[in-house]
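First the structure, in the form of structure tokens, and then the observations on it.
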Amino acid sequence: MADVALSKSGTSMRGLLSARRGRNRLDVSDWLTYGFLVLGLLIMFTPVAWVVLSSFKTQANLQEFPPSILPYSSETAMVGGFDQPLPLFDVTLKDGTKARLAQIRRVGRNAQMIDPENPGAGRVTVAVTDAVAVRKVRLATENYTNLVASSGQAMGRYVYNSLFITTVATIITLVMNSMAAFALSKYRFAGSSVALISILSTLMIPATVVLVPTYLIVAELGLVGNLWGVILPTVATPTGVFLLRQYMLTIPDELIEAARMDHASEWRIFWRIVLPLSSPALAVVAIFSILSRWNDFLLPLIVLNRREVYTLQLALNSFQSEFEIRYDLLLAMTTLTALPLACAFIFLQRYITVGVASTGIK
């Protein structure tokens, strides 16, 4: 029924924005609804927009206080007698006139400046409180080029490791969770309720509690420093089993009984009937698995002890040292890391509402 309702109402953005309760004008509930949606949009996307814009800021721009929203860079000018370009400032002189000067150096609360149009006029000492830097909006695309140049071929290795872990773990998660959900939803056996409660009770156990036992098991299997040491411990998720079980309960038992009467094997019923009908719920579990595996940091941190097997999340940690944090490269790397997740969510978002809504309908 959720599928029919969604198809009839239309899920296009145009239909969502034009929907209203009042016939000829906006009703009070319409204003409250759109206000709530706009507020949620700002809360959700303001941090994302801030990170993306900050990834185009220079290191000096990132260290400014108060911080600026847009990426700015100081304008400079070449002055005769100086090898490097000098930053420009709008200065208020002692007589009240204003001029645009180039700063040579700053000593304490005073700065030595010179007129770039007339260097022969000599240097002028100006209080820093009377000078405002001349800036313009500029995207520091060199953050991304420096990131690729500094990482070299290692960047491709990090991307491959993250894609391999995410893809393989998601496939195994879908297979194992769907098989467990099929057994718990369509088979009647002693202890099925206890098994379901036991699986769901693991949700109350924090991941950090089982982190040390997980590492010991991985070490005994000889998978430390191996990508499979990150994949295998997390392929079975109680949330995925619960969502798939709830969705499979909506599949009529008569359909499965008819397939058995036609001498279809249990594997054939599961593969050819149950899985295709459960595609919305499988898509939801796949999205959750992709988000979790791609963003996972703690387990890869203790299992992957060689740089050759680092994921993108571990590579982010390498941009900080004991003495310095390269925020420009760190933010550029963060943006690139989040880009695949954003694309996956955009293409698969329609399955979230359908799948989650259908898991509660019987």
Side-chain angles (χ1 to χ4, degrees), residues 11 13 16-17 31-73 135-148 150-151 155 158-159 161-163 165-166 170 206-208 234 239 283-301 310-321 324-353 355-356:
T11 58
M13 184 62 66
L16 177 63
L17 295 177
W31 287 107
L32 294 176
T33 301
Y34 287 121
F36 178 77
L37 292 176
V38 171
L39 178 62
L41 180 66
L42 293 176
I43 294 175
M44 295 295 294
F45 286 97
T46 297
V48 178
W50 181 272
V51 171
V52 174
L53 290 175
S54 297
S55 67
F56 290 99
K57 295 180 180 179
T58 60
Q59 185 79 344
N61 195 185
L62 289 170
Q63 295 176 354
E64 292 179 353
F65 185 85
S68 60
I69 298 177
L70 298 177
Y72 288 98
S73 64
R135 303 194 304 173
K136 62 180 180 180
V137 177
R138 174 182 170 272
L139 299 180
T141 55
E142 62 270 14
N143 292 345
Y144 291 89
T145 57
N146 293 337
L147 174 65
V148 176
S150 60
S151 301
M155 178 65 69
Y158 300 150
V159 173
N161 293 337
S162 294
L163 286 176
I165 291 175
T166 302
T170 300
T208 53
T234 58
T239 305
V284 174
V285 176
I287 293 173
F288 290 162
S289 177
I290 291 172
L291 294 175
S292 176
R293 303 301 180 270
W294 187 270
N295 291 324
D296 194 9
F297 175 77
L298 191 57
L299 184 60
L301 180 64
Y310 274 8
T311 61
L312 285 172
Q313 305 302 327
L314 294 182
L316 283 172
N317 193 44
S318 64
F319 291 110
Q320 58 182 357
S321 62
E324 182 186 18
I325 299 179
R326 293 297 305 273
Y327 286 108
D328 50 347
L329 300 181
L330 184 63
L331 290 169
M333 184 72 169
T334 302
T335 303
L336 292 178
T337 303
L339 188 60
L341 289 182
C343 295
F345 183 81
I346 290 174
F347 288 106
L348 300 176
Q349 61 177 333
R350 65 189 184 94
Y351 291 105
I352 296 180
T353 304
V356 173

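Expressed to the nearest 0.5 Å, how far CD1 of Ile290 lies from CG of Asn295 amounts to 11.0 Å. Between the OG1 atom in Thr141 and the CZ atom in Phe56 there is a gap of 7.5 Å [rounded to 0.5 Å]. Once rounded to the nearest 0.5 Å, the distance linking CG of Leu139 with CG of Leu70 reads 9.5 Å. Taken to the nearest 0.5 Å, the CG atom of Leu32 stands 12.0 Å off from the CG atom of Leu39. The OG1 atom of Thr239 sits 8.0 Å away from the CZ atom of Phe288 when rounded to the nearest 0.5 Å. Rounding to the nearest 0.5 Å gives a distance of 8.5 Å between CG of Leu53 and CD1 of Ile69.
When all heavy atoms of Val137 and Tyr72 are compared, the pair lying nearest together is CG2-CE2, 3.5 Å. Minimum interatomic distance between Lys57 and Ala140 (heavy atoms only, all atoms of both residues): C-CB, 4.0 Å.
Looking at residues two or more places apart in sequence or on another chain, you find a side chain to side chain donor-acceptor pair (under 3.5 Å) between Tyr144 and Ser55. Among residues two or more places apart in sequence or in another chain, the side-chain contact (heavy atoms from CB on, under 4.5 Å) test is passed with Thr33 by Leu37. Listed by chain and number, the residues in a side chain to side chain donor-acceptor pair (under 3.5 Å) with Thr166 amount to none (sequence neighbours excluded).
Other residues, nucleotides and ligands place more than 12 heavy atoms under 6.0 Å from the CG atom of Leu41. No more than 12 heavy atoms of other residues, nucleotides or ligands shown are found within 6.0 angstrom of CZ on Phe45. Remark: Trp50 CH2 is packed, more than 12 non-hydrogen atoms of other residues, nucleotides or ligands lying under 6.0 Å away.
Contact annotation: the side chain of Trp294 approaches that of Leu312 to within less than 4.5 Å [non-hydrogen atoms, C-beta and beyond].
Arg293 places a side-chain N or O within donor-acceptor distance of the main-chain N or O of Thr234, the cut-off being under 3.5 Å.
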- Query: Given Asn143 and Leu331, is the side chain to side chain contact (heavy atoms under 4.5 Å, CB included) satisfied, shown in steps?
  - Reply: CA-CA 9 Å; Asn143 292 345; Leu331 290 169; over 6 Å; no
- Query: Can you list the steps and then say if Asp296 with Gln313 is a side chain to side chain contact (heavy atoms under 4.5 Å, CB included)?
  - Reply: CA-CA 7 Å; Asp296 194 9; Gln313 305 302 327; over 6 Å; no
- Step by step, would you call Tyr158 with Leu314 a side chain to side chain contact (heavy atoms under 4.5 Å, CB included)? CA-CA 9 Å; Tyr158 300 150; Leu314 294 182; over 6 Å; no
